[in-house]
Structures are given as C-alpha cells and as structure tokens.
Chemist: 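For reference, the structure I am asking about is given below.
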2 protein chains.
Amino acid sequence: MKSLNKALDIIEMIAQRGSLGIRELSSFVGFPVGTTHRIVATLAKRRFLVQDPASRNYSLSLRFLELGTRVQQQFNLTSIARPYLEKLMQETGESANLAVLDRDDAVYLDHVRSNHMLQLFTRLGARVPLYATGVGKMFLSRLSEQELKDYLARTAMAARTPRTIVNADNLAKELAQIRKAGFAVDNEEMEEGVRCVAAMVFDHMKRPVAALSLSGAVTRITPERIEYFGEMVKQYAIRISESLGFNS
Amino acid sequence: MKSLNKALDIIEMIAQRGSLGIRELSSFVGFPVGTTHRIVATLAKRRFLVQDPASRNYSLSLRFLELGTRVQQQFNLTSIARPYLEKLMQETGESANLAVLDRDDAVYLDHVRSNHMLQLFTRLGARVPLYATGVGKMFLSRLSEQELKDYLARTAMAARTPRTIVNADNLAKELAQIRKAGFAVDNEEMEEGVRCVAAMVFDHMKRPVAALSLSGAVTRITPERIEYFGEMVKQYAIRISESLGFNS
DNA sequence: AAATGCCATTCCATATTGTGGATCAAATCT
DNA sequence: AGATTTGATCCACAATATGGAATGGCATTT
C-alpha cells in the first residue's frame with residue numbers, strides 16, 4: 001500500500017499548508033515530481049483536490065467539508081445534544097461545546113458560540129490535548145489507574161501556558177478533585193485568558209460518550225462563578241444523557 | 001493509480017452507507033475481500049477510518065471533520081462573512097446561509113440558523129442544484145448566454161417539487177427577472193414549504209464569489225414580505241462584498 | 001522581440017508493488 | 001456443540017506504480 005500511503009501524505013500536507021504547487025508539494029513530502037503529480041492528478045480527477053486555474057496550485061476540495069459533516073452527523077449524539085447546547089449557551093451567555101474522545105485527544109463535535117467578542121477559538125473537528133482542557137480532563141478522570149498510566153507514558157505534557165498541568169502527580173490530584181466535584185475546570189491551562197468548565201455525558205449503557213463544556217473569557221468565568229457554571233454544565237450534561245437513554 | 005482509485009471508491013462508499021463490514025463493503029464496491037481488507041487496513045492505520053471494536057465495522061473517522069473545517073476556513077470569506085450572517089439572522093429572524101459555486105452545484109459554506117421550529121435542512125458542505133435554489137439561480141444569473149447553454153446541456157432538470165423550474169425558457173425568464181431585481185427567490189422549488197431569498201457577494205475584483213441567502217417557512221417568508229427580505233439580503237450581501245474590498 | 005527561467009505535465013522501460021483466491025481464526029447464530 | 005458467517009492473513013504471479021528525463025506553456029527579464 002505504498003502509493004495509497006503517499007496519497008494520504010499528500011492530502012495531509014495540503015491540509016496543513018493550505019495550497020501548494022506540484023514542485024513545492026513534492027519537496028515537502030519528499031517524492032519525485034512525477035510521482036507527486038500523478039497522485040495529485042488522480043485526486044483532482046476524483047474531485048478530492050481542486051486546482052486553482054490562476055496559480056495552478058492544488059488545495060483540498062469542498063468534498064472534505066461534505067464528508068466531514070456527514071461524519072459529524074453520523075454521531076446522532078450531535079443532533080440530540082444540539083438544542084441543549086443552544087439552551088445552555090442562552091442561559092449562561094457563554095459558548096457551549098460538545099467534545100468526544102478520539103484516541104488521545106478530545107475532538108470538538110459541535111459548538112454554539114456566545115456573541116461575546118472574546119472567544120475561545122474552537123474549530124469544529126479540532127483536536128485538543130486531554131491534560132490541558134476541561135473536556136479532556138473530564139475524560140481522563142474516568143480512566144482506570146492503568147489506563148491513565150499508559151496514557152501518561154505515551155504523552156508529553158507540554159506547557160501551553162504557565163498554568164498547564166505538566167506533572168503526573170498534580171494531574172492525579174486534579175482528577176481526584178474532578179471526580180469529587182463532577183465537573184472539570186480548565187483554568188487558563190490551554191489558552192491564556194480563557195476558562196472552561198466541563199461535565200460528562202453518558203449513554204444508555206452508562207458509558208461516558210462525550211463531554212459538555214462552557215468556555216469563556218476569565219473576566220466572565222470568574223472564580224466566584226465557577227460553582228454556578230459547574231452546576232449548569234452538570235445539569236445540562238445529565239439532560240443530554242437522559243435523552244440518550246441514561247437513567248441514574 | 002488503480003489502488004488509489006479503489007481507496008477513494010471505498011471512502012466514498014463508506015461515506016454514503018455510514019458504517020460497513022469488510023464483506024459488505026467488498027460486495028458494494030466490487031473488489032475481492034482480500035484487496036478491500038488491505039486498503040481498509042491501510043486507511044485505518046492512517047486514522048482515516050475507524051473500526052468499531054464491537055461490530056468490527058469500519059466508518060470514516062473524525063479526521064474528515066477536521067480536514068473539512070480546515071477547508072472551510074481556508075475560504076477566508078467564511079470568517080469575514082460570519083458576523084454579517086449572524087446580524088442578518090437576528091434582524092430578519094430567518095436562517096442565513098452562505099454558498100459558493102463549485103462546478104455545477106452550490107455548496108453551503110456556512111449558515112446561522114434561526115430558532116424557529118420549521119427549518120430548511122441545510123447541512124454544511126451540502127451540495128444543491130443551481131436551477132432549483134435561490135443561491136443557485138443567483139449564480140446562474142451571472143453566467144454568459146453560452147455558459148448557461150453549456151450548463152443546461154449537461155444538466156437534467158428534475159422536478160424536486162411541483163414548483164421546480166424544469167424548462168430552459170422559463171429559467172431564462174426567471175434569470176432575467178433576477179438580474180433586474182438584484183436578488184433571487186426560491187419559491188418552494190427545492191423543498192415544499194420553504195422559501196428562500198438570495199443575493200450575490202462580490203470580491204474586490206468585482207467577481208461573484210458567493211451567494212447570501214435567507215431561508216424559512218412559507219408562513220413567515222410570505223409573498224408580501226419578499227421585497228423586504230430581498231432588500232435585506234441585498235444590503236447585507238453588499239456589506240460583505242465591501243468587507244472583501246468591493247467598491248461599487 | 002527573443003531569451004531565460006520556472007513550473008506543470010507527459011513519457012516509458014523497469015522492477016517493485018498490489019492482486020485476489022485460498023486458508024486460518026474467531027465470533028455469532030442455530 | 002456444531003454450523004455458518006465474517007474478518008484477518010498469506011503468497012506466487014503479473015499488473016501496476018515508479019521516477020528521471022523530456023516536453024510544453026507561461027511569465028518575467030534582457
């Protein structure tokens with residue numbers, strides 16, 4: 001499967017760099033120009049890439065948006081949770097987000113943005129590390145001791161901000177605290193100036209399937225209001241869980 | 001590029017059917033099981049597919065959502081237009097949509113939904129025919145006579161609803177009317193019970209780059225209010241155009 | 001106006017790579 | 001417990017991808 005792997009390399013490279021000519025692309029991925037061109041031509045013929053007539057550069061086509069939203073929709077979780085996200089945003093005035101666990105990342109499946117100027121920049125489908133986010137720590141708090149250990153073994157905890165938890169012991173303490181409170185707080189650990197409050201969503205088998213969160217500027221999500229936001233997120237997370245057939 | 005084409009067939013098939021086992025998949029795409037499995041295994045290793053541990057079925061991974069939203073964002077049009085979509089929705093109370101032309105379809109790049117119960121179901125990245133939608137007819141109205149002729153030659157105009165325009169002459173008249181008014185109306189031509197009003201967005205080179213539209217139930221977008229919605233959409237389309245450097 | 005340079009595209013002989021029927025393993029159904 | 005279905009693995013063969021070089025087209029320069 002050498003050629004397929006090359007094609008996937010090319011797709012990833014174009015996704016990363018945006019728009020590239022054959023020459024640039026071939027030097028970035030390290031394949032000869034001829035090979036690169038053949039693969040790109042095939043992907044373009046199949047409409048997975050588009051070529052800008054002016055610059056002759058290739059970029060990913062809107063087909064990826066089409067496929068991506070189909071994937072999003074196949075989680076029927078999304079359609080069930082959507083109205084709750086909207087209500088939660090309206091009631092609290094802060095952006096509501098829904099994330100799922102995918103390997104060692106949390107992935108944002110959906111969000112409803114508040115209309116405040118200052119916003120955490122979460123893009124749909126964006127991947128964020130577990131140890132540095134509210135939704136991520138929520139997932140981590142449900143792991144067994146062994147699973148957590150394995151996760152830590154394969155993860156380098158980089159300091160995104162001065163407040164990021166980069167120490168296994170501190171993380172363990174934090175997770176214990178989260179289990180006690182039933183919600184997780186991201187206190188400017190991912191992005192300076194942004195706090196996040198998250199709670200778990202369960203399915204009918206009582207499995208943790210998603211994390212619900214509120215995110216906003218530190219000026220609005222203040223330490224005094226953390227409890228309030230925590231309760232709100234927990235409450236809505238339960239409601240979504242119940243819509244999924246969860247019975248406490 | 002036989003194997004790459006097969007891989008793309010497989011991706012498309014899974015996108016279409018949702019979640020498939022190797023056997024089903026191989027019969028749908030018509031490749032032997034061994035071949036199918038090898039391609040699927042490679043795609044899974046590269047995280048473009050995920051295998052459900054329980055059913056052992058394969059489905060598209062969230063990577064497509066990630067790539068898709070990246071594509072969406074590379075149109076910086078999206079980020080520029082977003083605040084206007086929101087304002088337009090608030091001011092009119094109806095869902096605002098932004099579509100671009102991609103080959104012979106209009107593709108929804110972004111939308112802000114109203115909170116009315118009855119909604120036109122537009123999914124991000126969804127493709128809709130040009131002849132049966134407001135945004136589509138807006139694009140058609142900018143085509144030269146020859147371009148329109150070519151478009152008609154390769155398009156079968158199927159009647160989505162009793163009101164869909166299926167006749168070239170009627171379409172030509174409609175397009176003339178649109179050019180005069182500066183906005184296009186979709187009068188239940190795509191979906192019964194839904195009307196749409198669209199206007200053109202231009203870039204700094206005065207090229208038509210996108211269409212802005214309002215969509216809503218016939219009970220709210222009534223014939224008497226069409227003029228009002230038309231003016232609103234035109235006004236906001238101009239504002240977005242100006243943000244793109246357009247000078248009238 | 002001609003030349004230069006840059007880049008995308010096309011070409012083709014070679015051997016590397018994918019092929020797919022058969023087999024094995026495991027899970028699910030009867 | 002046996003039967004059946006399905007996913008995973010294997011391997012000899014030949015079809016297919018490879019990639020360096022030549023071609024062609026478009027701009028910018030001299």
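What you see below is based on every heavy atom in this structure, not just the backbone, and it leaves out hydrogens, waters and symmetry mates. Numbered from 1 within each chain, the chains take letters A, B, ... in sequence-line order. As the structure is a prediction and not an experimental result, all values here were calculated from the model.
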Chemist: Please check if any side-chain donor atom of Asp203(B) sits under 3.5 Å from a side-chain acceptor atom of Ser241(B), or the reverse.
Modeler: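 The answer is no; no qualifying pair exists.
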
Chemist: Less than 3.5 Å between a donor and an acceptor, one on the side chain of Arg38(A) and one on the base of dA17(D), is that the case here?
Modeler: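 When only heavy-atom distances are counted, Arg38(A) does not reach the base of dA17(D) through any donor-acceptor pair under 3.5 Å.
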
Chemist: Starting at atom CE of Met1(B), determine the distance to atom P of dA17(D), rounded to an integer number of angstrom.
Modeler: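 To the nearest whole Å, that distance equals 5 Å.
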
Chemist: Please figure out whether Ser55(A) or Leu4(A) has its closest DNA chain C nucleotide nearer the 5' end.
Modeler: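 Looking at the nearest nucleotide for each, Ser55(A) comes out on the 5' side.
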
Chemist: Nearest whole Å is fine: how far is dA8(C) P from Lys45(A) NZ?
Modeler: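 Atom-to-atom, Lys45(A) to dA8(C), this comes out as 18 Å.
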
Chemist: Between the side chains of Ser79(B) and Asn76(B), is a donor N or O closer than 3.5 angstrom to an acceptor N or O?
Modeler: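 Per modelled atom types, Ser79(B) and Asn76(B) side chains form no pair under 3.5 Å.
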
Chemist: More 5' along DNA chain D: Ile39(A) or Ala54(A), using each one's nearest nucleotide?
Modeler: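 First, find each residue's nearest nucleotide; the 5'-ward one identifies Ile39(A).
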
Chemist: Would you mind reading off the distance between Asn5(B) atom CG and dG18(C) atom P, rounded to a whole angstrom?
Modeler: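 In whole Å, dG18(C) P and Asn5(B) CG are 14 Å from each other.
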
Chemist: Examine dG19(D): is either OP1 or OP2 under 4.0 Å from a nitrogen or oxygen in the side chain of Thr35(A)? Give yes or no.
Modeler: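 True: Thr35(A) side-chain N/O within range (under 4.0 Å) of dG19(D) OP1/OP2.
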
Chemist: Measuring from the side chain of Arg23(A) (C-beta onward, heavy atoms only), which nucleotide among dC7(C), dT6(D), dA17(D) has the closest atom?
Modeler: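 Nearest nucleotide to the side chain: dC7(C).
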
Chemist: Measure from CD on Glu24(A) to P on dC7(C) and round the result to the nearest Å.
Modeler: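 It works out to 8 Å between those atoms.
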
Chemist: Considering every strand and a 4.0 Å limit on heavy-atom distances, what is the contact class for Ser3(B): base, sugar-phosphate, or nothing?
Modeler: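 Sugar-phosphate contact only - Ser3(B) comes under 4.0 Å of backbone atoms but never of a base.
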
Chemist: Could you tell me whether Arg47(B) and Glu12(A) make a salt bridge, using a distance below 4.0 angstrom between a side-chain N and a carboxylate O?
Modeler: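 The answer is no: the pair does not qualify as a salt bridge.
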
Chemist: Just the rounded figure in Å: distance from C1' of dA8(D) to CD1 of Ile22(B).
Modeler: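 Value for this atom pair: 9 Å.
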
Chemist: Nearest to the side chain of Arg56(A), which nucleotide is it out of dG19(D), dA8(D), dA8(C)?
Modeler: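 Among dG19(D), dA8(D), dA8(C), the one nearest the side chain of Arg56(A) is dA8(C).
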
Chemist: How many Å lie between NZ on Lys6(A) and P on dA17(D), as a whole number?
Modeler: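 Going from NZ in Lys6(A) over to P in dA17(D) covers 12 Å.
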
Chemist: Please check the phosphate of dA8(D) (OP1 and OP2 only) for any side-chain N or O of Tyr58(B) closer than 4.0 Å.
Modeler: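 For dA8(D), OP1 or OP2 has a side-chain N or O of Tyr58(B) closer than 4.0 Å.
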
Chemist: Quick one: Leu25(A) CG to dG19(D) P, roughly how many Å, whole number?
Modeler: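 In whole Å, dG19(D) P lies 14 Å from Leu25(A) CG.
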
Chemist: Students often get this wrong, so: under 4.0 angstrom with heavy atoms, is Gln51(A) touching a base, only sugar-phosphate, or nothing?
Modeler: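 Touches sugar-phosphate only.
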
Chemist: Whether the side chain of Ser141(B) engages the backbone of Met138(B) through a donor-acceptor N/O pair (distance < 3.5 Å, no angle test) should be reported.
Modeler: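 Here the side-chain-to-backbone pair exists.
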
Chemist: Under 4.0 angstrom, heavy atoms only, what part of the nucleic acid is Val33(A) near: base, sugar-phosphate, or nothing?
Modeler: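 Base, at least one base heavy atom under 4.0 Å.
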
Chemist: Rounded to the nearest angstrom, tell me the gap between atom NE2 in His37(B) and atom P in dT19(C).
Modeler: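 After rounding, the gap between these two atoms is 14 Å.
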
Chemist: Is there a donor-acceptor pair closer than 3.5 Å between any side-chain N or O of Arg46(A) and the backbone N or O of Asn5(B)?
Modeler: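 Between the backbone of Asn5(B) and the side chain of Arg46(A) there is a qualifying donor-acceptor contact (under 3.5 Å).
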
